[in-house]
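Right, one structure below, let's go through it.
Please read all numbers here as calculations on a predicted model, not as lab measurements.
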Amino acid sequence: MPRPAPALTKRETRDSLGWFNWNISLRGVFETICGGTTLVFTAYALAIGVPAAAMGYFSAILSVACIAQLLCLPLANHVRRRKRFILTLAVSEPILLLLAVALAPMLPQALRPVSLGIAVFLAASCLHLTRPFSDDWLATTIPSGLRGRYLGRRIRLSTFAIIGATLLVGLAVDAIGRTNTTGLAILLAVGAVFGMAAALSLGRATLPEQPVPVRYRLADLKAVWRCRPFVKLVTGTLLMMLPFYFAVAYYQVFNLEILHMRPWLISTTGVGYLIVKLLVTPLIGRICDRTGPRLMFFAMCPIYAAFFLCFPFADADRVWPVILAWAFVAVADGIYGVAAPACLYATVPAEGARPAFFALYNLVSLGAGAIGGVLAVPLLRALAEVDFSVGLMHLGGYHLFYALCGLLMIPCSAALWLFPRTTRTRPN
């Protein structure tokens with residue numbers, strides 16, 4: 001069994017965790033602007049001619065890119081300086097997206113969605129090539145007894161940056177217009193700059209080298225399946241999050257095309273969501289350390305079901321159900337943001353080919369997202385002709401789509417029993 005990497009000193013641990021916080025904060029701004037399901041990216045894609053129903057393909061492309069994680073294990077055997085490998089690919093992601101945004105308007109109309117999709121795939125692949133190792137880097141840096149508190153604080157700090165970005169983005173899109181291709185492209189370019197800064201911030205964190213290098217093989221992925229707590233976690237996560245694999249790509253489409261919300265109102269709703277999340281995550285982190293992450297999920301699932309079931313009550317003249325839904329779902333997202341990685345870190349063995357565990361976890365969850373995004377497109381097209389009212393609910397195609405997601409969330413909650421039990425750990 002290969003010896004583990006030397007432990008960091010207290011100062012190295014403290015400084016590295018601080019730079020990890022800078023990384024997630026700057027990356028939060030990047031993803032707020034340039035993420036494949038965000039207001040700016042969605043508006044830009046629609047402006048260059050991507051059909052609204054086809055936005056699910058972009059969500060699928062982002063998830064399909066996780067196949068790159070299968071390549072990263074054998075590739076890592078030929079990488080002598082892993083930190084440089086992570087940083088190089090992390091910088092390449094926003095650069096590729098920036099080039100795609102600049103070139104897409106110059107292409108014929110029929111090629112624009114295709115070229116944008118290819119660039120999004122390549123950019124996301126750069127991220128996924130490094131994910132198993134960057135996840136392992138963070139997991140081994142956080143003291144085991146402080147996982148919940150640190151992750152809660154990490155989310156809180158990044159939320160400040162995302163709130164500022166969300167406000168400015170909403171005002172900017174409202175000012176330049178949701179069909180202004182040039183203005184939206186400039187906003188995406190600004191986001192790419194934050195993405196590069198996020199990557200460079202990792203250069204200040206310490207990544208200790210293995211005294212005896214670990215050899216990674218694709219066969220390591222098979223060995224992962226012998227770890228029963230990890231397998232149960234992956235299966236439970238896949239089932240529990242099933243409705244989101246269909247729904248995520250269409251939040252902004254619903255806001256823009258169905259509710260006709262002004263960009264400033266969309267961003268204000270997002271800020272309200274982030275403020276609630278900011279307020280609750282420190283408490284969630286402390287509770288997670290005391291009770292273990294599994295118990296937290298039991299409070300999360302009913303909130304998610306209620307979130308989806310609010311959408312059928314909203315229309316262009318009554319947007320408050322969606323605004324309310326985003327306010328209270330922030331609590332559930334705060335729980336997931338703390339409890340999910342804490343549960344994952346607790347089930348990954350302390351030694352051996354740890355990146356294989358993170359690769360498989362990401363591969364399964366993101367692969368499911370790709371399948372869900374693709375299946376959502378024909379489902380929405382089939383529901384396009386639906387248009388009737390039941391009491392306060394107006395059920396068009398998108399309304400019924402989200403109602404089905406809410407109903408599906410109820411039986412999916414039973415997957416919580418597959419999650420391994422974890423106990424409270426003392427701080428190191």
Side-chain angles (χ1 to χ4, degrees), residues 28-29 31-33 35-43 52 55 59 155-156 158-174 178 240-241 243-281 283-284 296 299-340 376 392-394 396 398-409:
V29 177
E31 292 182 347
T32 299
I33 301 173
T37 59
T38 61
L39 170 62
V40 182
F41 186 88
T42 300
M55 286 303 297
S59 177
I155 293 173
R156 182 175 57 182
S158 65
T159 300
F160 282 116
I162 296 172
I163 286 174
T166 303
L167 279 173
L168 293 175
V169 162
L171 293 173
V173 174
D174 206 44
R178 48 179 284 196
M240 182 179 68
M241 304 308 292
F244 289 91
Y245 301 140
F246 298 94
V248 169
Y250 294 98
Y251 292 147
Q252 297 301 340
V253 174
F254 189 84
N255 291 337
L256 292 170
E257 299 294 312
I258 306 302
L259 301 184
H260 304 294
M261 292 174 67
R262 293 279 299 276
W264 69 266
L265 182 57
I266 295 174
S267 72
T268 302
T269 302
V271 168
Y273 160 87
L274 292 168
I275 289 175
V276 174
K277 191 174 179 180
L278 178 68
L279 293 175
V280 301
T281 46
L283 176 61
I284 290 171
M296 305 295 294
M300 180 189 74
C301 287
I303 300 175
Y304 277 148
F307 166 71
F308 288 127
L309 293 174
C310 283
F311 281 67
F313 291 94
D315 56 36
D317 298 321
R318 187 174 59 250
V319 300
W320 66 263
V322 166
I323 296 175
L324 177 64
W326 281 107
F328 67 71
V329 81
V331 178
D333 281 352
I335 292 173
Y336 188 80
V338 172
L392 294 177
M393 292 190 297
H394 176 80
Y398 283 91
H399 296 91
L400 187 57
F401 172 73
Y402 279 110
L404 292 173
C405 289
L407 294 175
L408 180 60
M409 190 70 223

Side chains of [X] and [Y], heavy atoms from C-beta outward: is any pair under 4.5 Å?
X	Y	result
F328	I303	yes
R178	L256	yes
T166	L274	yes
P263	L39	yes
I33	T38	no
Y398	V253	yes
V271	I275	yes
V169	S267	no

Compute the ring centroids of Y304 and F244, then answer whether they are less than 6.0 Å apart. yes
Any idea how F307 and Y251 line up, ring-wise: parallel (<30°), tilted (30 to 60°), or perpendicular (>60°)? perpendicular
Has the side chain of Y402 got a donor or acceptor atom that lies under 3.5 Å from a matching backbone atom of P312? no
Please report the interatomic distance [atom1]([X]) to [atom2]([Y]), rounded to the nearest 0.5 Å.
X	Y	atom1	atom2	value
T268	L171	OG1	CG	7.5 Å
H260	L265	NE2	CG	13.5 Å
Y273	D333	OH	CG	3.5 Å
C301	M241	SG	CE	8.0 Å
Q252	L259	CD	CG	10.5 Å
M296	I335	CE	CD1	4.5 Å

To check you understand the geometry: which heavy-atom pair defines the closest contact between [X] and [Y], and what is its length?
X	Y	answer
V280	A330	CG2-O, 4.4 Å
A314	V322	CB-CG2, 3.6 Å
C405	F246	SG-CB, 4.5 Å

Below 4.0 angstrom, N of the basic side chain to O of the carboxylate: do R262 and D174 qualify? yes
Checking Y250 now: which residues fulfil side-chain hydrogen bond (donor to acceptor under 3.5 Å, both in side chains) with it, not counting sequence neighbours? none
Does a sphere of radius 6.0 Å around CZ in F160 hold more than 12 heavy atoms from other residues, nucleotides or ligands, not counting ones at 6.0 Å or beyond? no
Pick from F254, F311, F313: which one makes a ring-ring contact (aromatic ring centres under 6.0 Å, His included) with H399? F254
